[in-house]
Amino acid sequence: MKENRKDTTNVPNLRFPEFDGEWEEKKLAQITSKIGSGKTPKGGEEVYTNEGIPFIRSQNVINDSLILDSTHIPQDVHESMKGSKVLPNDILLNITGGSIGRSCVVPEGFNEGNVNQHVSIIRLKNDNPRFLQPILSSWRGQKLVFQGMTGSGREGLNFESIKGFKIHFPSVAEQNKIASLLTVLDERIQTQNKIIEHQESLMKGLMQQIFSQQLRLKDSNGNDFPDWEVKKIKDICEKGASNISANTLGSNSGEYKIYGATGYLQNVDFYQEEEAYISIVKDGAGAGRTLICEAKSSVLGTLDKIKPKNNNNLYFLYLRLKTINFEKYITGSTIPHIYFRDYGNEKIKQPCIEEQTTIANFISSLDEKLEKEKQIFAQYKQQKKHLLQNLFV
């Protein structure tokens, strides 16, 4: 692809070399044969069926994809709502509620369906819907959505607002080239997401088998490990002398990994220890949430700092504690709270140190593979973000 000069007007920053010339600004009203939405069928949810015509609602328009569920309507109800029939290659745009602005293209293999009043159908005359929809999901399109909401009292988007969206279009040939590129990238993203879901499901299944002892690993000589022994949590780990809360944290900025959380926390208060340890959230909605920390963040609230006793493996202990149902130890009607003195008496089966290490290393290797797949997924998402920022005017 070629980069265009920054001072060139009405052309994208990135462009396929065989195309030139400026893009033409058009209103959606000029290039569409339909902009409308549906309604809730007479009788509401009572007319919904598990078979029939797919009935599409805002929750089905997710992350540039149409994700259907079991909600259908009978053929006669569908025919009575013929003005809101959904066809292949229609663009669906959520126009009310918290998901306003989400959009997708109806797949070519789709037969037909119907929509409710929260989803708008945008049907193009000649232009490529897989060119327009990525624009709607980009910052450019979301800006148009926001401006349209402003013009209609922020209650949602009306059809006049959508018809007035001004968007730059190249030739259909260039639209098709851009759409093909983004479609390939979307397919890679979807495939990578399926790989991650499979890996996560595999890990979950293996961990369930390991902790239920349906699956037993062998030692380095291929022999069985000793039977697991019943022990109390307080016999295999101890709580630190102090609980770290938001007002006792040191203040600095940077990137510090919190295992079990969602990646790196950036530019937050932290309290850094020399060694990793386990933290269990003590109160609030996240009471019982278990983390392995190299750092403490004020966003995590009040924590129990847990260290293993007698050379027990910290990562295995973390995995073991994540299997505990802490809800049964919650007290307090206003703010949920758990105490080590209570859950420390929980009895669990615990393997020998050698088997703990073997299990920890096995799960850790799977976790590393999963993390690599997530990094590939993040790279694809970043590539798409870059293209959405630079392929359009």
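Worth knowing before you read on, the calculation uses all heavy atoms, side chains too, and leaves out hydrogens, waters and symmetry mates.
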**Request:** Using the salt bridge (charged side-chain N to carboxylate O under 4.0 Å, His left out) rule, collect all pairs that involve residues 58-74, keeping only residues at least two apart or in two chains.
**Result:** R57-D69, D64-K384

Report yes or no: do [X] and [Y] form a side-chain donor-acceptor pair below 3.5 Å?
{"X": "E79", "Y": "Q75", "result": "yes"}
{"X": "H337", "Y": "T331", "result": "no"}
{"X": "N361", "Y": "S364", "result": "no"}
{"X": "S137", "Y": "Q142", "result": "no"}

Short question: side chain of [X], backbone of [Y] - any donor-acceptor pair under 3.5 Å?
{"X": "K234", "Y": "F340", "value": "no"}
{"X": "Q356", "Y": "N313", "value": "yes"}
{"X": "T183", "Y": "A179", "value": "yes"}
{"X": "R140", "Y": "L388", "value": "yes"}
{"X": "E24", "Y": "P170", "value": "no"}

**Asked** Mind checking what makes salt bridge (Lys or Arg N to Asp or Glu O under 4.0 Å) contact with K163, not counting sequence neighbours?
**Response** E160

List the atom pairs, with distances to 0.1 Å, where a side-chain N or O of residues 40-56 and a protein N or O form a donor-acceptor pair under 3.5 Å, not counting sequence neighbours.
from, atom 1, to, atom 2, distance (Å)
T40, OG1, Q117, OE1, 3.0
T40, OG1, Q117, NE2, 3.3
T49, OG1, E51, O, 2.4

**Request:** Flag the pair K218 and D224 as a salt bridge only when some basic side-chain nitrogen lies within less than 4.0 angstrom of an acidic carboxylate oxygen.
**Result:** yes

**Message:** Strictly below 4.0 Å, N to O, side chains only: are E112 and K82 in salt-bridge contact?
**Reply:** no

**Prompt:** Parallel, tilted or perpendicular: which describes the rings of W228 and F316, with under 30° parallel and over 60° perpendicular?
**Reply:** perpendicular

**Prompt:** Within 45 degrees of the axis of the six-membered ring of F19 and under 6.0 Å from its centre: does R15 put its NZ or CZ there?
**Reply:** no

